[in-house]
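Read the structure below first, then the notes.
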Amino acid sequence: MTSETVIIGGGVIGLAIAIELKLRGANVTVLCRDFQAAATHAAAGMLAPDAENIPNGAMRSLCWRSRALYPDWTRKLEELTGLNTGYRPCGILAPVFEEAGGEGSREQGAGSREQGENFSPLHPSPSSPAYWLNKEAIHQYQPGLGAEVVGGWWYPEDAQVDNKALAHVLRTAAESIGVELKDGITVEAFLQQQGQVVGVQTNAGMIHAAHYVLASGAWSNELLPLPVCPRKGQMLSVRIPEVSPELPLKRVLFGQDIYIVPRCDRLVIGATSEDVGFIPNNTPEGIQKLLQAAIRLYPQLKHYPIQEFWWGFRPATPDELPILGTSHCQNLTLATGHYRNGILLAPITAALIADFILEQKSDPLLANFHYSRFQSKPSTSTPMLTHSANFSNGHHSAISPLPTPHSPLIIAGKTFQSRLMTGTGKYRSIEEMQQSVAASDCQIVTVAVRRVQTKAPGHEGLAEALDWTKIWMLPNTAGCQTAEEAIRVARLGREMAKLLGQEDNNFVKLEVIPDLKYLLPDPIGTLQAAEQLVKEGFAVLPYINADPMLAKRLEEVGCATVMPLASPIGSGQGLKTTANIQIIIENAGVPVVVDAGIGSPSEAAQAMELGADALLINSAIALSPNPAAMARAMNLATVAGRLAYLAGRMPIKDYASPSSPLTGTITS
């Protein structure tokens, strides 16, 4: 059998992609081992990026965009089928218990309310408002909540859809427009040749296509060594009595480790999150936990008759973000690992994947969800090989592709192709600085806010000298000796970035340096300033001594990177803190940028070979007799070091080992 596009997986993601491709004119076949086993059924249909408090960055942007597509998307599906998806833009209420910390317990509560205010709007983003309700207001707004509820958040733009109705509508819509649905088909292996998938081996024989999409959710790891594993979710529903003295629940409740979703005749309650593999069935412990938490949140449901129990397997990745976009094969696209957000992300996933397959349009957001993000550290990487692959000569073979040093650098949700950052200070002229920035191919340039504002020597006209539509400004707090000074200058830097057209730039390189002789950063002041700036919404990139404990603490308070020094700033001494930098890299969950002290390209390459995610180099370029040439050399060294790190060096031995074998030689 041959098809233009074969989609492996018949859950909400696979079907949504199939429909989008078919409506754009493609021939599509969906292969599914069991439509009833999809993760679609392990959901309540909440469309809740705000209530779930998804962190700022690429994931929140993806979720917001998908939620915005939902009204038109479901309307289109309903017109195709004449069926109802149960989409309701109902908003979501997130009650808070006293011990959870009240109003300030969620990120959106970082602001303050005036005393006595019952209904207070806060705006975590321009496009998604949230409202704090105090105890009196929330119990008026939703009668019947538990007595321990002391307030809560109202998220008016969140919504819900009936996930089971949606699954039925998607399958009906796919059938009605001519998508070929093949149930009971187990895909066993990809057949690959020269970087292309040329077929999939199934229990029904070989199936060929021009393009393939892996959307098999929690089962994706059975076909490719992607870090996707099943996360079991148990759920139940209770029936709302026809005659009840209490007012029925009208709003979705998103509580502490529990959610309750009202439907026309029932309440859906979920969900556990269990790392137990593919062990099926409901358990007394799981259901008991759900019921206890639900009754605490909404006590009257303890009188409602239990209607149904069920479970499903969500596809989880280590960072709980989906895997989207290209794979190691040109004609294999990945759309898996959506974990808790498969229902929410179905419309945007379908649109982005269809754009990519049919129009070769790659949305910038996709770079944040590429599988290569799991390959940055060899100790934990899963190389993108295939379990199946080449059947020529009757042998299996799996060939690892050449690692690419151009996998994107992601900081605070923003994607950069270059891993070299440069500075603007110490150059002999503005022209040399401009030439060096261009030669370095860098995308991030750090600017000393104080020196620009005071027009210090060498900084006159600096703000106008670079094209800020192509370069991301990294304002820094150079010259600040206390946390208070650094916080004030960081705020000025954000305004400076806005004036230069970067409205969404919240980056700051944090420097707190009271030591004027050795220019070593103050760890206590840096931590204090970082905590405050993170609360104010900055993406903080702190310059620090190579202190592993401080680096971890800064990561824990929410910094976007850590930037340990290689040696004192401007000294050109090279890597003097190698052992500590290695420890920082090993333990870091954010990018590690080696900053200060690198004097030559060989030292830059060495820092990248350690596993650093990026470098910031200024003095070594600016003080070179030929800055532009040195900038280019540093760029090449950064790329070479990254590639060497990804490839992995040979083991070091205490003895010689011949390059040519000694066996099979000609003897007289």
Side-chain angles (χ1 to χ4, degrees), residues 52-60 96 100-112 122 124-125 130 318-321 368 409-414 421 444 446 449 474-478 480-494 504-514 520-565 577 580-581 583-596 612-614 616:
E52 293 210 26
N53 206 23
I54 290 172
N56 273 316
M59 184 61 174
R60 182 177 284 190
V96 173
E103 177 186 354
S105 66
R106 298 180 70 80
E107 176 188 329
Q108 288 91 332
S112 61
L122 288 173
S125 85
D319 58 9
E320 299 184 355
L321 303 181
N368 299 280
L409 170 68
I410 301 170
I411 299 176
K414 190 166 180 63
M421 309 174 189
I444 300 176
T446 185
V449 177
L474 178 57
N476 74 42
T477 62
C480 294
Q481 298 185 29
T482 67
E484 293 75 17
E485 282 183 278
I487 292 166
R488 185 170 63 253
V489 171
R491 293 167 182 157
L492 294 173
R494 181 157 62 180
D504 58 340
N505 191 337
N506 62 342
F507 280 42
V508 62
K509 183 192 174 193
L510 176 60
E511 297 181 22
V512 181
I513 303 178
L520 296 174
D522 173 9
I524 298 172
T526 300
L527 181 59
Q528 290 172 341
E531 288 178 315
Q532 179 59 33
L533 290 170
V534 167
K535 290 178 183 178
E536 294 183 18
F538 283 85
V540 181
L541 289 72
Y543 168 61
I544 61 171
N545 294 297
D547 180 343
M549 297 306 297
L550 175 61
K552 201 64 190 172
R553 183 74 182 104
L554 286 162
E555 179 183 335
E556 288 169 356
V557 302
C559 289
T561 70
V562 289
M563 303 180 73
L565 56 81
T577 57
N580 279 16
I581 288 175
I583 296 171
I584 291 171
I585 291 169
E586 180 182 347
N587 292 324
V590 295
V592 177
V593 183
V594 174
D595 179 11
D613 296 283
L616 199 162

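Keep in mind that the numbers below use all heavy atoms, side chains included, and drop hydrogens, waters and symmetry copies.
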Could you tell me which non-hydrogen atom of [X] sits nearest to which non-hydrogen atom of [Y], and how far apart they are?
X: P514; Y: Q481; value: CB-O, 3.7 Å
X: A486; Y: L510; value: CB-CD1, 3.7 Å
X: N476; Y: V489; value: O-CG1, 4.2 Å
X: P591; Y: I411; value: CG-CG1, 4.2 Å
X: L541; Y: A560; value: CD1-CB, 4.4 Å
X: L554; Y: P542; value: CD1-CG, 3.9 Å

Picking from L565, V512, L550, what satisfies side chain to side chain contact (heavy atoms under 4.5 Å, CB included) with P521? L565

Applying side-chain hydrogen bond (donor to acceptor under 3.5 Å, both in side chains), can you list everything that pairs with T526, at least two apart in sequence or on another chain? none

Who passes side-chain hydrogen bond (donor to acceptor under 3.5 Å, both in side chains) against E555, sequence neighbours left out? K552

Could you go through the side-chain contact (heavy atoms from CB on, under 4.5 Å) check for I513 and Y543 one step at a time? CA-CA 10 Å; I513 303 178; Y543 168 61; 3.9 Å; yes

Polar side-chain atom of D613 near backbone of V592 as donor-acceptor pair, under 3.5 Å: yes

Between L520 and N545, does the side-chain contact (heavy atoms from CB on, under 4.5 Å) criterion hold? Intermediate values first, please. CA-CA 7 Å; L520 296 174; N545 294 297; 3.8 Å; yes

Look up atom [atom1] in [X] and atom [atom2] in [Y], then write down how far apart they are to the nearest 0.5 Å.
X: E511; Y: E485; atom1: CD; atom2: CD; result: 12.5 Å
X: E320; Y: I54; atom1: CD; atom2: CD1; result: 10.5 Å
X: M563; Y: L616; atom1: CE; atom2: CG; result: 4.5 Å

Suppose we screen for side chain to side chain contact (heavy atoms under 4.5 Å, CB included). Which residues come up paired with [X], at least two apart in sequence or across chains?
X: A546; answer: P564, T577, N580, I581, I584
X: A58; answer: L365, N368, F369
X: I487; answer: R491, A529, Q532, L533, E536
X: N505; answer: W472, M473, A497, Q502, F507

So, applying side-chain hydrogen bond (donor to acceptor under 3.5 Å, both in side chains) with K509, which one of T561, T477, D595 is it? D595

Check this for me: does any side-chain nitrogen of one of R60 and E52 sit under 4.0 Å from a carboxylate oxygen of the other? no

